[in-house]
Asks: 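Encoded as structure tokens, here's the structure I'll be asking about.
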Amino acid sequence: MNKTKMKISILSMSLLTMSFLVITNAFGAMTKSFPDVPVAKIQMIGTVPSLGTLIATVVVGTLAVKYSKKLLSLIGLGIATLGGLLPLLVHSSIDVLIGCAFILGFGLGFVNTLIPMLISIFFEGEERNAMMGKNTAMNSLGSILMMLGGGLLGAKNWVNSYWVFLLGIFVFLLVLFALPNDKVDRSEKNASGNIFGILKHLNGYVWLIGFVTLLMGILYTIYPTNLSIIIGQKELGSTSITGIINAVGTAGGFIAGFSLKYLNKIFKDKIIAGGYITLGVTFLLGRIANNLILIGIGGVLSGFAMSMIMSTIPFYMSVLSHKYELAVSMMLFQFMNSIGGFISPVLLNLLHIKVGESSFTFGCVSCFVIGIFCILTNLGKKVLSNSVKEG
């Protein structure tokens with residue numbers, strides 16, 4: 001088994017996980033092509049993929065206990081690439097583009113859920129943890145490359161932005177020829193009968209970590225959705241400045257992902273707590289800053305926080321799960337993350353928390369509280385002490 005080829009094939013899939021954001025660069029040009037279509041409907045092209053991803057997460061969790069993860073990865077890559085490239089042929093209707101965006105999101109839901117499963121199957125211990133970090137780093141790199149590529153390709157005609165999804169064909173072929181086929185053994189097929197039986201018997205700490213994931217999905221979403229409003233309220237710049245800060249944050253996530261081994265040595269079993277406190281500092285800087293330098297530092301810290309938490313959570317879930325439970329626990333991770341991002345603005349509205357500075361204050365206080373809770377309860381230490389020892 002060639003581990004280098006295996007790593008490359010798995011991490012290549014990570015390049016696509018944020019690809020649904022590509023077309024958001026073209027929203028301005030699309031409003032000119034569809035002057036009679038409400039802007040909110042055009043923006044659905046950027047939000048509908050999340051719904052597709054959410055549905056796919058449950059589908060994958062059901063199928064992954066019975067079928068090869070490589071086969072499901074290829075199906076997901078095929079669906080995502082189809083959804084990304086179809087608009088090159090059919091782009092005269094916003095409804096069609098929204099449908100293609102849903103297909104793209106559905107395929108990405110397969111990919112996003114299966115990556116941590118594959119890492120958990122093929123890697124153990126520190127190597128598994130390091131791969132989880134590299135996965136988040138490649139997410140960040142893919143976001144930068146695809147957003148940049150889509151922007152350059154669509155400079156003259158927004159439709160050309162979709163050509164960037166040709167990358168999906170390359171990744172499909174790489175996975176097809178470089179990723180070994182995982183075998184689903186009898187115990188995995190028959191354990192507890194079905195997905196609901198497995199969910200019922202998961203270690204209690206898996207559910208607790210799943211709840212921590214839900215909170216991260218809710219709180220992290222506050223940052224990018226309110227950053228431009230914060231910058232506008234402080235009169236520090238325009239939309240382009242927000243884009244630069246977001247790019248800086250993405251670069252921070254890339255660096256942190258490849259530095260996870262060293263971050264683990266610093267924070268040890270307190271890395272989730274460290275991630276939440278780091279995100280809390282991000283919100284704090286955004287709330288009190290009166291210059292772009294401090295907000296930029298906050299952007300870098302946001303990338304570090306995301307990488308620290310979202311690399312460690314699937315690793316913790318994997319060590320708490322038996323082999324036959326891995327597919328379902330990884331499904332739970334992806335589902336909680338997706339639902340957290342989906343309900344975040346709704347929750348803040350229900351709590352009557354205003355956008356901008358008030359949202360950043362809420363995010364800051366919440367992150368510090370969760371971080372301190374993780375420290376006081378020794379969450380990381382308890383998770384590692386309850387890890388599954390396969391016989």
Side-chain angles (χ1 to χ4, degrees), residues 133 136-137 139-140 143 209 212-234 236-237 241-313 337 340-341 344 347-348 351 353-380:
T136 60
N139 289 346
S140 300
S143 177
I209 295 296
V212 171
T213 309
L214 175 68
L215 294 176
M216 182 60 178
I218 292 170
L219 293 172
Y220 186 81
T221 302
I222 294 172
Y223 180 71
T225 54
N226 285 272
L227 181 61
S228 62
I229 298 170
I230 285 281
I231 290 174
Q233 288 174 338
K234 295 176 182 289
L236 294 175
I241 294 296
T242 305
I244 293 171
I245 300 296
N246 279 325
V248 167
T250 303
F254 175 75
I255 295 168
F258 276 104
S259 306
L260 190 64
K261 179 172 71 173
Y262 305 105
L263 291 172
N264 273 316
K265 288 181 179 179
I266 296 170
F267 290 96
K268 298 185 167 87
D269 55 24
K270 303 293 190 297
I271 191 164
I272 287 183
Y276 268 106
I277 291 172
T278 301
L279 185 58
V281 173
T282 293
F283 285 123
L284 179 62
L285 288 175
R287 182 67 179 82
I288 68 173
N290 288 313
N291 61 74
L292 288 173
I293 294 176
L294 283 179
I295 291 180
I297 293 171
V300 173
L301 292 177
S302 75
F304 267 77
M306 169 60 82
S307 188
M308 289 165 70
I309 296 173
M310 301 310 281
S311 300
T312 304
I313 284 176
N337 184 35
S344 179
L347 178 63
L348 265 62
L351 294 173
I353 297 171
K354 295 180 180 179
V355 297
E357 293 185 349
S358 295
S359 293
F360 266 40
T361 300
F362 173 79
C364 176
V365 173
S366 299
C367 285
F368 283 139
V369 169
I370 296 169
I372 293 169
F373 171 81
C374 291
I375 292 171
L376 293 178
T377 59
N378 281 317
L379 179 63

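All figures in this text were calculated on a predicted structure; none of them were measured in a lab.
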Asks: Hey, what's the ring geometry for Phe254 with Phe258, parallel, tilted or perpendicular (30° and 60° as the breaks)?
Replies: perpendicular

Asks: Looking only at heavy atoms, what is the nearest atom pair of Leu292 and Leu236, with distance?
Replies: CD1-O, 3.5 Å

Asks: How close do Gly356 and Ile230 get, heavy atom to heavy atom, and via which atoms?
Replies: C-CD1, 3.4 Å

Asks: Would you say Ser344's side chain and Gly340's backbone share a donor-acceptor pair under 3.5 angstrom?
Replies: no

Asks: Got a donor-acceptor contact below 3.5 angstrom from the Ser140 side chain to the Ala251 backbone?
Replies: no

Asks: Measure the spacing between OG1 of Thr278 and CZ of Phe304 and express it to the nearest 0.5 Å.
Replies: 9.0 Å

Asks: Which pair of heavy atoms, one from Lys234 and one from Arg287, lies closest together, and at what distance?
Replies: NZ-O, 3.0 Å

Asks: For Lys270, which residues count as a salt bridge (Lys or Arg N to Asp or Glu O under 4.0 Å) partner, sequence neighbours excluded?
Replies: none

Asks: Return yes if some donor-acceptor pair links the side-chain N/O of Tyr276 with the main-chain N/O of Ile309 below 3.5 Å, else return no.
Replies: no

Asks: Is Asn337 close to Met216 at the side-chain level, that is, under 4.5 Å between some pair of heavy atoms?
Replies: no

Asks: Please name all residues satisfying ring-ring contact (aromatic ring centres under 6.0 Å, His included) with Phe283, sequence neighbours left out, ordered by chain then number.
Replies: Phe360

Asks: For the backbone of Asn139 and the side chain of Ser143, can you confirm whether one donor and one acceptor N or O come within less than 3.5 Å of each other?
Replies: no

Asks: For a quick test of reading the model, state the closest non-hydrogen atom pair linking Ile295 to Tyr223 and the distance between them.
Replies: O-OH, 4.2 Å

Asks: Give me each pair satisfying side chain to side chain donor-acceptor pair (under 3.5 Å) with a member in residues 300-310, each pair once, sequence neighbours excluded.
Replies: Thr136-Ser307

